[in-house]
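The structure under discussion appears below in the form of structure tokens.
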Protein chains: 2
Amino acid sequence: MTDFNSDIFKTIDPERRGTTSEEVISQLREMIHRGDLRPGDRLPPERDLAKLLGVSRPTLRAGIRSLAAVGVLHSRQGAGTFVVKADGPPSLDSSPLRLMASLHGFTSAEMFEARQSLEMAVAGLAAERATGDQMASMSEEVAGMFASLDDPEQFLVHDVRFHQTVAAASGNRILTSLMNMVATILFDTRIKTVKRATDLKESAEMHRHVYRAIRERNPDAARAAMREHLERAQRAWELEKQDAADDTPADGSGGNGAGGAH
Amino acid sequence: MTDFNSDIFKTIDPERRGTTSEEVISQLREMIHRGDLRPGDRLPPERDLAKLLGVSRPTLRAGIRSLAAVGVLHSRQGAGTFVVKADGPPSLDSSPLRLMASLHGFTSAEMFEARQSLEMAVAGLAAERATGDQMASMSEEVAGMFASLDDPEQFLVHDVRFHQTVAAASGNRILTSLMNMVATILFDTRIKTVKRATDLKESAEMHRHVYRAIRERNPDAARAAMREHLERAQRAWELEKQDAADDTPADGSGGNGAGGAH
DNA sequence: TATTAAAATCGGTCATACCATTTATCCGGC
DNA sequence: GCCGGATAAATGGTATGACCGATTTTAATA
């Protein structure tokens with residue numbers, strides 16, 4: 001646990017430009033940029049930090065809350081406020097995208113396409129860079145899919161892990177984060193979907209094609225396989241949406257939210 | 001100006017799961033999802049809304065601030081709090097990505113690559129879908145680049161507009177938003193960079209190649225042209241970074257922040 | 001009618017107190 | 001001496017009330 005014995009926290013300049021809370025945000029952001037605050041670090045208690053920065057506690061809390069909203073800080077009652085730890089792949093919060101989708105009326109087709117583009121990109125990169133371990137993981141997940149054709153829930157677990165492994169193999173954490181951001185939104189209702197065994201078998205086959213293309217270090221083939229995989233998944237989802245339209249006749253506009261095999 | 005005469009705002013259930021402010025966030029998000037709150041709408045005054053929701057004003061403000069941090073709401077002192085208007089292309093706040101880059105130590109090469117993948121994707125889609133107007137706009141921007149080879153600042157304006165036009169022509173606002181998110185981060189220091197005329201001319205040529213490929217409805221060529229364009233831009237930026245290393249010997253680690261011709 | 005000034009509106013900030021949860025401490029029993 | 005549960009301290013979450021500053025609206029005035 002880091003001790004802030006030195007005066008890292010400078011008092012807010014009264015002759016600032018924006019609002020006080022904005023200045024607090026800037027202050028904290030710069031400290032993260034400079035490395036004064038590192039992942040996992042714990043911030044001083046709000047009461048102390050407010051004094052250090054020369055602002056009131058509500059104002060400080062406003063700044064903290066803004067940074068917490070974007071996933072940089074995390075406050076736990078009774079424990080403290082921490083810089084989000086970088087365990088595993090870095091992830092961006094998908095709620096902003098989700099809300100933007102609502103505000104602008106994004107269609108699920110648009111979401112699918114965005115995901116498709118991102119998945120194709122990472123698949124291509126993965127074909128160039130995947131390590132032996134990563135390819136072994138992909139193979140295992142594909143095998144897991146074939147082994148759980150009769151268990152859609154378990155199938156979905158392997159499905160998700162396969163895509164995450166491919167993304168990790170791309171070596172680009174930004175693309176990985178963006179992809180997860182979109183995939184998360186598409187995932188929510190996907191888990192509710194009951195899939196037919198034939199769909200699962202076809203899906204598993206498509207994943208195997210992607211894996212083989214990556215294994216053969218063929219980016220174009222990997223991209224093509226991923227494209228076809230997700231196109232089929234989207235078509236399957238659209239069909240299922242039609243069927244499910246009878247169950248929930250209300251709000252038949254379709255709109256946002258999506259899911260389905262993938 | 002929307003009037004909230006009806007009781008759209010339900011009192012927060014005391015038997016909730018998370019914290020009170022989280023419940024406020026959920027409440028507001030659902031209202032946006034349901035369409036009760038539409039882009040441009042103004043929320044009731046904080047004091048009134050707090051009463052309607054049955055929470056205190058600080059708690060309500062915490063929720064509002066969280067949504068404002070992700071770009072869904074916007075508060076103006078004296079005026080009120082509004083749902084962000086959807087004028088022009090929807091945009092995601094890039095600060096989360098920026099902070100994540102700091103936390104995880106993303107290299108600028110990784111940023112460049114992510115941008116390249118996204119730009120290639122939208123260029124390919126644009127080649128399939130660009131309208132006549134959009135292609136005309138691209139052409140104008142390319143012409144503007146050639147016309148401002150001696151004015152780097154003006155050149156950059158046309159440069160940015162060209163890429164935004166291509167993104168818009170892709171017809172996928174999600175990819176466009178993600179691309180802008182990454183491009184924004186790369187842009188910040190780019191404007192400071194002074195470019196040589198030869199670089200600008202080459203850059204303009206590359207943009208023309210992209211435009212022509214889109215004009216000819218050739219997605220593969222568009223992707224290839226965009227790839228080469230951004231690869232050259234990255235190389236040029238890296239060279240310039242080397243040169244600039246003498247001016248700012250401190251913090252020679254490079255780290256984040258990027259720019260350069262593109 | 002147009003301009004200006006006053007007033008109401010509304011978000012921003014501050015101070016204070018208390019609650020809920022977590023963490024650390026202490027003490028007794030084994 | 002060691003362990004475990006009870007107690008206390010630390011810390012974020014919420015509430016109340018007040019005041020300030022920017023904005024908008026309204027009214028008075030030229």
Side-chain angles (χ1 to χ4, degrees), chain A residues 1-5 9 11-28 37 40-69 71-85, chain B residues 1-5 9 11-28 37 40-69 71-85:
Chain A
M1 215 51 58
T2 309
D3 255 75
F4 299 100
N5 44 359
F9 300 88
T11 304
I12 298 290
D13 183 6
E15 309 296 335
R16 59 190 184 277
R17 46 190 187 288
T19 65
T20 308
S21 60
E22 283 175 6
E23 198 62 21
V24 171
I25 297 174
S26 299
Q27 184 90 359
L28 294 175
L37 289 177
D41 278 359
R42 171 175 158 184
L43 271 63
E46 293 184 351
R47 292 161 179 85
D48 299 351
L49 185 51
K51 283 239 181 296
L52 288 171
L53 295 177
V55 300
S56 69
R57 196 179 155 212
T59 302
L60 170 66
R61 279 180 60 79
I64 290 178
R65 182 156 275 278
S66 288
L67 292 175
V72 177
L73 298 180
H74 183 65
S75 295
R76 284 166 46 210
Q77 185 174 193
T81 300
F82 303 83
V83 180
V84 168
K85 190 153 154 280
Chain B
M1 205 58 59
T2 309
D3 253 76
F4 298 100
N5 44 359
F9 300 89
T11 304
I12 298 289
D13 183 6
E15 309 297 334
R16 59 192 182 276
R17 44 191 190 288
T19 65
T20 308
S21 60
E22 283 175 7
E23 198 62 20
V24 170
I25 297 174
S26 299
Q27 183 92 358
L28 293 175
L37 290 177
D41 278 359
R42 172 176 157 183
L43 271 62
E46 292 184 351
R47 293 162 179 83
D48 300 351
L49 185 51
K51 284 243 181 294
L52 287 172
L53 295 177
V55 299
S56 69
R57 196 175 156 217
T59 302
L60 170 65
R61 279 179 60 78
I64 290 177
R65 182 157 274 279
S66 288
L67 293 175
V72 177
L73 299 179
H74 183 64
S75 295
R76 284 167 46 210
Q77 186 175 354
T81 300
F82 303 83
V83 181
V84 288
K85 207 175 54 177

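Chain letters run A, B, ... following the sequence lines, proteins first, then strands; residues in each count from 1.
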Examine the base of [N] for any acceptor or donor lying under 3.5 Å from a partner atom in the side chain of [X], and report the outcome as yes or no.
X       : N      : result
B:Arg65 : C:dG12 : no
B:Arg57 : C:dG12 : yes
B:Arg47 : C:dG11 : yes

Just how far is it from atom [atom1] of [X] to atom [atom2] of [Y], taken to the nearest 0.5 Å?
X       : Y       : atom1 : atom2 : value
A:Ser75 : A:Arg42 : OG    : CZ    : 11.0 Å
A:Asp48 : A:Arg57 : CG    : CZ    : 10.5 Å
A:Thr81 : A:Ile64 : OG1   : CD1   : 4.5 Å
B:Leu28 : B:Glu23 : CG    : CD    : 10.5 Å
B:Leu73 : B:Leu37 : CG    : CG    : 8.0 Å

What is the distance from [atom1] of [X] to [atom2] of [N], rounded to the nearest Å?
X       : N      : atom1 : atom2 : value
B:Arg61 : D:dA18 : CZ    : P     : 18 Å
B:Asp48 : C:dG11 : CG    : C1'   : 13 Å
A:Leu49 : C:dC14 : CG    : P     : 13 Å
B:Leu43 : C:dG12 : CG    : P     : 12 Å
B:Glu22 : C:dA20 : CD    : C1'   : 14 Å
A:Glu23 : C:dG12 : CD    : P     : 16 Å
B:Leu52 : C:dC10 : CG    : P     : 13 Å

Taking all heavy atoms of [X] and all of [Y], pick out the closest pair and write down the distance.
X       : Y       : value
A:Leu43 : A:Leu49 : CD2-CD2, 4.0 Å
B:Thr20 : B:Val55 : CG2-CG1, 3.5 Å
A:Ala69 : B:Ser66 : CB-O, 3.5 Å
B:Arg65 : A:Ile25 : NH1-CD1, 4.1 Å
A:Leu60 : A:Glu46 : CD2-O, 3.2 Å

Where along residues 71-78 of chain A does a heavy atom fall under 4.0 Å from DNA chain D? A:Ser75, A:Arg76, A:Gln77, A:Gly78

If you check every side-chain atom of A:Glu46, which of C:dT13, D:dG12, C:dA15 has the closest atom?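 Given the options C:dT13, D:dG12, C:dA15, the side chain of A:Glu46 is closest to D:dG12.
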
Starting the side chain at C-beta, find the nucleotide from D:dT11, C:dC14, C:dG11 nearest to A:Pro45. D:dT11

Could you tell me, to 10°, how much the axis swings from one end of the helix from C:dT1-D:dA30 to C:dC30-D:dG1 to the other, five pairs per end?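 What I find for the helix from C:dT1-D:dA30 to C:dC30-D:dG1 is an axis angle of 10°.
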
Can you check whether [X] has a side-chain N or O nearer than 4.0 Å to OP1 or OP2 of [N]?
X       : N      : result
B:Thr20 : D:dG13 : no
A:Thr81 : D:dG12 : yes
B:Thr19 : D:dT14 : yes
A:Ser21 : C:dG12 : no

